[in-house]
Amino acid sequence: MCKGTKIISEISNFFQGNQKFALFQAFSMLVEKMNVSNKMLGGDKKPNCKLTNLQIFHLLLIMPFCDIKGISHYANSVLSRMFSGKKDLFYQFLSQDGTDWRKVLYHTAKKMIDSIIIRTDHKDSDHPSVLIVDDTDLPKTGFRIEKIGRVFSHVSQRSILGFKALTMCWSDGKTVLGLEQCLLGEEGQNEKKPQGLTDKQRRSRYSIERGKETAGAKRIGEYMMSKCELIKNMVKRAIEKHIPFEYLLVDSWFTNTGLVDFVCRLHKKIHLLGMGKMGNTKYGTDWGELTAKAILAKLQTAKKTKYSRALRCRYAVVDVTLGTRKVRLFFCRRTKAEKWKFLVCTNRKLDFMKAYRIYAMRWGIEVFYEDSKRYLGLSKCSCRNFTSQLAHVTLVTIQYNLMAYIKRFHNYETIGGLFRDTYLGLREITVIDCIWEAILEVVCIVAEILECDEETVLKQVIADSRRMALLSQLAQTA
């Protein structure tokens with residue numbers, strides 16, 4: 001196979017004119033526009049390698065849409081027959097410590113965002129652009145994975161083996177795009193069993209020496225960092241990359257005095273809007289230093305709660321001081337049986353209705369997690385190398401971004417619907433399975449007539465999409 005061959009274009013050209021393949025045509029054009037280079041992916045491959053880094057990257061991007069469950073299934077797939085290569089190529093590519101996957105993800109996401117913000121439907125929208133940060137569980141089954149440990153799952157309320165994925169997404173209310181993912185671990189509460197593992201289990205984990213200045217080593221350095229510190233670093237990077245946003249949305253696990261102070265000190269004028277906890281944190285009020293629960297009681301006594309017919313909920317608004325910063329609290333309850341909740345916002349000009357609708361945008365990251373896990377296998381990577389795990393979650397995020405972007409332009413209601421249609425279109429590649437034997441017979445005959453090597457003829461045919469299409473037609477009529 002020629003190293004100049006463009007994987008996506010080859011598949012797209014082979015099925016040109018097929019109406020069911022229209023979505024992949026859009027997918028193909030978008031991948032080309034991202035302008036990801038071999039240099040960005042760790043440089044060109046060695047001369048004896050069959051595929052370049054860019055070609056491997058493209059193949060990894062389209063695998064979920066070609067009925068290939070994972071890298072280990074590639075060898076028996078039709079893509080392997082079309083473009084050659086074995087699973088080792090992919091594992092080696094993913095484990096390259098020199099590839100800055102954070103840079104690759106930002107590069108691709110920024111191009112999509114730039115295309116979205118110039119659209120009329122974005123400019124005319126009532127929703128602001130926001131950053132959403134949240135974490136999720138990535139369960140694993142292998143104790144030999146590098147840096148693996150037990151983390152506490154707030155979903156199942158128990159300790160599980162795996163990683164925590166801290167994710168930052170961008171949203172304008174219509175499209176959610178992943179910007180960054182960090183894989184984290186937890187020390188645990190038992191000092192005798194760090195990360196919830198025995199000494200034997202920790203020693204059995206995969207380990208490799210890395211250069212201190214490599215991208216992989218720097219990402220491992222974040223593994224045990226505080227989530228709040230990582231969020232601050234994420235926001236700083238988003239600002240440096242000129243990502244447009246007005247609000248940072250977080251849930252109650254991340255809303256604290258430190259994050260409020262950080263947002264207020266930024267040179268870029270943004271606001272924090274996060275869910276608060278009915279805990280022991282005290283706020284400065286006209287009644288003195290009070291907890292959120294005590295403030296709510298004062299508001300109820302003073303009959304300062306109101307009812308919103310539009311949102312069908314009772315609410316109250318009050319300005320307080322958190323640390324040294326003035327913030328606005330929005331208390332809300334839908335029914336009498338429901339517990340009161342409240343939002344903390346650094347924008348004291350915001351009214352309750354607007355705050356409620358902006359914070360509702362945070363649900364987009366939950367949809368991102370659900371679709372990424374269900375359709376793209378976000379938590380299913382079994383590679384032992386930590387860098388490979390990072391590469392996998394980055395590739396899944398890029399795949400999701402591609403689908404979300406196409407969904408925006410093709411008016412699909414859900415990512416799932418788009419995934420199914422794209423999958424059905426790409427699934428037609430397996431038609432080659434039905435005629436592959438016939439193609440090989442034709443190649444053998446041609447090679448025998450020309451008195452040359454069969455493999456050489458086959459590679460030349462595959463490298464030329466027009467020859468491949470003609471040979472396919474000939475095999476189908478045979």
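Not measured: the values here are computed from a predicted model.
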Quick one: do [X] and [Y] make a salt bridge, cutoff under 4.0 Å?
| X | Y | result |
| --- | --- | --- |
| Glu146 | Arg210 | yes |
| Glu370 | Arg374 | yes |
| Asp126 | Lys354 | no |
| Arg219 | Glu222 | yes |

### Query
Does Tyr74 have its ring centroid less than 6.0 Å away from the ring centroid of Phe90?
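Yes, ring centres under 6.0 Å apart.
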### Task
Verify whether the ring centers belonging to Phe386 and Tyr223 lie closer than 6.0 Å.
yes
Which heavy-atom pair separates [X] from [Y] by the least distance, and what is that distance?
| X | Y | answer |
| --- | --- | --- |
| Tyr359 | Asp251 | OH-CA, 3.5 Å |
| Gly178 | Asn401 | N-OD1, 2.7 Å |
| Tyr369 | Asp135 | OH-CA, 3.6 Å |
| Gly173 | Met361 | N-CE, 3.3 Å |
| Val344 | Tyr283 | CG2-OH, 4.4 Å |
| His392 | Gly377 | NE2-O, 2.8 Å |

Without swapping roles, check the side chain of [X] against the backbone of [Y] for a donor-acceptor pair under 3.5 Å.
| X | Y | answer |
| --- | --- | --- |
| Gln181 | Ala165 | no |
| Thr346 | Leu272 | yes |
| Ser171 | Val130 | no |
| Gln389 | Cys381 | yes |
| Ser388 | Arg384 | no |
| Thr214 | Gly211 | yes |
| His107 | Met34 | yes |
| Lys164 | Phe152 | yes |
| Thr255 | Gly276 | no |
| Glu186 | Met224 | no |

### Message
Given Thr175, which partner from the list Arg119, Arg408, Lys407 fulfils the side-chain hydrogen bond (donor to acceptor under 3.5 Å, both in side chains) test?
### Response
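Of the listed options, the one satisfying the test is Arg408.
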### Message
Is the shortest side-chain heavy-atom distance between Asp134 and Thr167 below 4.5 Å?
### Response
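Not in contact.
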Rounded to the nearest 0.5 Å, what separates atom [atom1] in [X] from atom [atom2] in [Y]?
| X | Y | atom1 | atom2 | answer |
| --- | --- | --- | --- | --- |
| Asp371 | Lys373 | CG | NZ | 11.5 Å |
| Leu105 | Thr394 | CG | OG1 | 6.0 Å |
| Lys277 | Lys341 | NZ | NZ | 13.5 Å |
| Trp170 | Ile132 | CH2 | CD1 | 10.0 Å |
| Leu131 | Arg362 | CG | CZ | 14.0 Å |

Using atom types as modelled, flag every donor-acceptor pair under 3.5 Å from a side chain in residues 315-323 to any protein atom, sequence neighbours excluded.
unit_1	atom_1	unit_2	atom_2	d
Asp319	OD1	Arg328	NE	2.7
Asp319	OD1	Arg328	NH2	3.4
Asp319	OD2	Arg328	NH2	3.2

### Task
Any pair with a residue in residues 224-256 that passes ring-ring contact (aromatic ring centres under 6.0 Å, His included), sequence neighbours left out, goes on the list, sorted by first then second residue, please.
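Output for this query lists His154-Trp253, Tyr247-His271.
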### Message
Does Phe330 form a ring-ring contact (aromatic ring centres under 6.0 Å, His included) with Phe342? I'd like the steps, not just the answer.
### Response
CA-CA 5 Å; Phe330 299 94; Phe342 73 99; over 10 Å; no
### Query
How about Ser129 and Asp172: does a side-chain donor come under 3.5 Å of a side-chain acceptor?
no
### Heavy atoms of other groups near Asp351 CG, more than 12 under 6.0 Å
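Above 12, so yes.
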